[in-house]
Amino acid sequence: MENPFEDRLRFERRVPPCAIVIFGANGDLTQRKLIPALYRLAYERRFPPGIAIIGNSRTPMTDDQFREKMREAVQKFLEDSPFDVDLWNDFAKGLFYCSGDIGDPAMYAGLKVRIAQVAEERGTAGNVLFYLSTQPSQYIPVVQNLGAVGLNNSAGWTRIIIEKPFGHDTESSNVLHDAVRQVFRESQVYRIDHYLGKETVQNVLAFRFGNGIFEPLWNRRYVSHVQITAAESIGVGSRGGYYQEAGALRDMIQNHLLQVMATIAMEPPAVFEPDAVRDERAKLLRSIRTLKPEDVATHAVAGQYGAARVGGEDALGFRQEKGVDPESQTNTYAAMTFFVENWRWAGVPFYIRTGKRMPKRVTDIAIQFNDAPHSVFVDAPIMSRSGRGPNLLILRIQPEEGISLRFRSKQPGAGMRLRPVSMDFNYGSSFGERSPSAYETLLLDAMAGDSTLYTRQDMVDASWKAVQPVLDVWSETKHHFPNYDAGSWGPQASEEMLQRRGHTWRVP
Ligand code: BG6
């Protein structure tokens with residue numbers, strides 16, 4: 001029986017034994033994130049005996065060749081953790097490989113036999129966690145094939161983790177959902193959004209609902225607007241082919257950043273239980289105003305980076321990247337203004353922006369509070385030169401992890417000269433311990449049957465609904481790309497979008 005509430009606050013997560021079957025085991029995500037996270041969990045002694053990992057991909061490999069390949073991946077991608085040879089040798093005994101084409105129904109009969117053998121050998125108690133880390137076009141065939149051989153119901157529990165993207169638009173997301181629910185019950189389905197697993201995003205919940213002093217300010221009476229920025233300095237690298245079909249709005253805003261916004265703006269859940277938390281997130285996402293097509297031009301901005309000199313070196317433009325159409329209309333930058341139609345947030349703009357090839361990698365959330373209604377300090381006008389009031393709360397998601405509150409202080413000396421200063425909390429110096437990666441947290445949660453940090457189909461639907469009008473208008477628009485230089489903060493039109501309401505983007 002699945003009981004996700006055994007350890008509600010997740011201190012001593014008790015993980016049962018299980019087999020983890022990874023489809024797409026030769027891919028980038030498996031090597032960069034999944035296997036290093038699983039190894040790290042073993043390193044932290046978070047696993048019971050009886051864990052087995054079965055990789056599948058088309059490339060023929062023996063178990064030993066797979067183990068060798070995964071060892072190289074762990075050594076290459078394991079961040080901030082030592083590689084322990086003895087531990088690895090033990091961990092590697094639980095790694096198995098089953099080659100075969102995921103489009104071939106016969107492969108699943110073989111996989112079923114392999115899962116049974118491994119269950120016997122490792123003592124997985126018949127529990128199976130599937131992980132879909134393949135091309136999204138393969139999701140439906142894999143799910144159907146699993147159902148056809150009865151792999152949707154193992155002797156123990158069976159769960160399936162699905163990586164984003166959940167569809168390409170509202171319609172295809174529903175098609176995927178329908179196909180999945182023919183085979184798996186909703187309680188078996190774990191749609192992963194790795195942003196929700198980040199410690200700093202989870203901390204937004206702790207910050208908001210574990211303290212009494214911020215929540216009274218957390219509404220339209222005190223908040224002027226919210227800015228969410230997720231900037232990446234890298235380009236699209238080897239992912240040009242995928243990215244060209246997706247673009248920044250689909251790749252980051254529809255999923256990660258709307259989930260972050262939901263975490264910032266949702267109502268307090270009554271209890272910290274999966275569906276109580278997810279109900280509140282879903283409610284918030286459903287309250288986002290749907291744009292009319294005629295409002296898209298003033299509420300959304302698309303950008304694409306062009307070639308430029310960055311840090312003394314020539315950087316390619318998106319259209320020159322490998323696998324990208326030289327006339328590509330794909331957005332590598334997207335910014336949107338959202339409004340939440342409820343009593344707490346009516347009239348407060350939530351600005352979200354994301355882009356590749358920005359000046360630096362930074363993700364943060366800035367809550368801009370209203371100005372003081374009147375300044376008694378004649379020489380110290382309330383507004384700063386940037387047009388922003390002094391009170392700003394910044395939740396730093398990455399790479400810096402912490403929280404800063406900016407306020408005005410008296411500058412030492414004669415007279416009343418005021419200057420903005422900040423009060424800072426920093427994870428590293430306050431806790432001095434390593435934060436688990438998002439994938440460590442989320443994999444452990446799925447194994448323990450806790451879906452709090454996973455997305456539900458109603459949230460996926462609501463997020464598509466929030467961006468669909470923009471996708472529709474943009475698909476009919478001939479964009480004048482490139483419209484920002486690699487290494488810059490994005491197109492001018494994005495500044496103009498904020499200026500219409502008297503706001504400016506802060507420089508993170
Ligand atoms: C992925 C996107 O979901 O998130 C990538 O597909 C993006 O394009 C990545 O680079 C960002 O994740 P993180 O954790 O590095 O901020």
Side-chain angles (χ1 to χ4, degrees), residues 24 27-34 36-37 40 77-80 131-137 139 161-168 173 190-204 228-261 263 302-305 318 321-324 328 330-334 352-365 395-401 427 435-443 453-455 459-460 463-464 467 486 490 508:
D28 201 53
L29 183 76
T30 304
Q31 298 187 33
R32 249 174 219 283
K33 301 286 184 191
L34 303 184
R40 179 73 209 197
F77 296 115
L78 191 68
E79 293 159 1
D80 64 28
Y131 199 117
L132 285 189
S133 171
T134 63
Q135 295 290 342
S137 58
Y139 291 175
I161 299 183
I162 307 181
E163 263 293 333
K164 69 168 255 280
F166 313 117
H168 192 71
S173 155
Y190 286 69
R191 296 175 196 81
I192 198 165
D193 186 306
H194 78 278
Y195 266 57
L196 289 179
K198 289 182 190 278
E199 285 283 302
T200 42
V201 174
Q202 292 183 64
N203 189 42
V204 173
I228 302 176
T229 300
E232 294 184 273
S233 53
I234 50 168
V236 291
S238 57
R239 296 166 74 229
Y242 150 78
Y243 197 83
Q244 176 157 257
E245 297 302 313
L249 182 56
R250 282 192 177 91
D251 187 47
M252 292 290 291
I253 296 185
Q254 185 274 336
N255 35 68
H256 304 322
L257 301 181
L258 281 176
Q259 289 293 340
V260 169
M261 173 175 155
T263 310
Q304 187 193 82
Y305 60 88
F318 178 65
E321 304 263 16
K322 210 167 104 208
V324 175
S328 172
T330 300
N331 56 88
T332 60
Y333 174 98
I352 299 189
R353 63 176 161 171
T354 184
K356 301 277 184 200
R357 273 285 183 212
M358 307 261 98
K360 61 176 179 179
R361 173 173 182 253
V362 57
T363 302
D364 66 19
I365 304 154
L395 302 155
R396 300 185 199 285
I397 306 297
Q398 63 186 25
E400 276 179 51
E401 300 184 323
Y427 265 85
S435 302
S437 73
Y439 279 96
E440 286 167 48
T441 303
L442 293 170
L443 282 163
L453 301 176
Y454 282 84
T455 59
M459 302 183 203
V460 175
S463 310
W464 278 119
V467 299

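Order of appearance sets the numbers: ligands from 1, and atoms from 1 within every ligand. The first residue of the sequence shown is numbered 1, and numbering continues consecutively from there.
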Next item on the list: Apply the test side-chain contact (heavy atoms from CB on, under 4.5 Å) to residues W464 and R250: give CA-CA distance (whole Å), side-chain angles for both, the deciding distance (0.1 Å), then the verdict.
Entry: CA-CA 9 Å; W464 278 119; R250 282 192 177 91; 4.1 Å; yes
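- Ranking protein heavy atoms by distance to atom 12 (O) of ligand 1, first place goes to H194 NE2, 3.2 Å.
- Contact atoms of ligand 1 toward H256: 1 (C), 3 (O), 4 (O) (distance under 4.0 Å to a heavy atom of the residue).
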Note to self: Determine whether I397 and V201 satisfy the following criterion, side-chain contact (heavy atoms from CB on, under 4.5 Å), listing intermediate values before the conclusion.
What the structure shows: CA-CA 7 Å; I397 306 297; V201 174; 3.9 Å; yes
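- Between K164 and ligand 1, at least one N/O pair is under 3.5 Å apart.
- Here the options are T455, D193, D251, the test is side chain to side chain donor-acceptor pair (under 3.5 Å), and the partner is K164; only D251 passes.
- Closest protein heavy atom to atom 16 (O) of ligand 1: Y195 OH, 2.5 Å.
- Ligand-side atoms of ligand 1 in range of Q398: 13 (P), 16 (O), range being under 4.0 angstrom from any heavy atom.
- Each of the atoms 2 (C), 5 (C), 6 (O), 8 (O) of ligand 1 lies under 4.0 Å from some heavy atom of D251.
- Taking a cut-off of under 4.0 Å to the non-hydrogen atoms of K356, the atoms of ligand 1 that pass are 5 (C), 7 (C), 8 (O), 10 (O).
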Check: Does the pair T441 and L453 meet the rule for a side-chain contact (heavy atoms from CB on, under 4.5 Å), with working shown?
Finding: CA-CA 9 Å; T441 303; L453 301 176; 4.1 Å; yes
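- If you check which protein heavy atom lies closest to atom 14 (O) of ligand 1, you get K198 NZ, 2.6 Å.
- Using 4.0 Å as the threshold, T363 has no heavy atom nearer than that to any atom of ligand 1.
- Those atoms of ligand 1 that come under 4.0 Å of a heavy atom in R361, given as number and element, are 15 (O).
- The shortest heavy-atom contact between L442 and H194 is CD1-CA, 3.7 Å.
- With Q202 contributing its side chain and G197 its backbone, the two residues share a donor-acceptor pair below 3.5 Å.
- Rounded to the nearest 0.5 angstrom, L443 CG and I161 CD1 are separated by 5.0 Å.
- At the shortest separation from atom 10 (O) of ligand 1 among protein heavy atoms lies E232 OE2, 2.5 Å.
- Remark: E232 does not engage R361 in a salt bridge, criterion side-chain N to carboxylate O under 4.0 Å.
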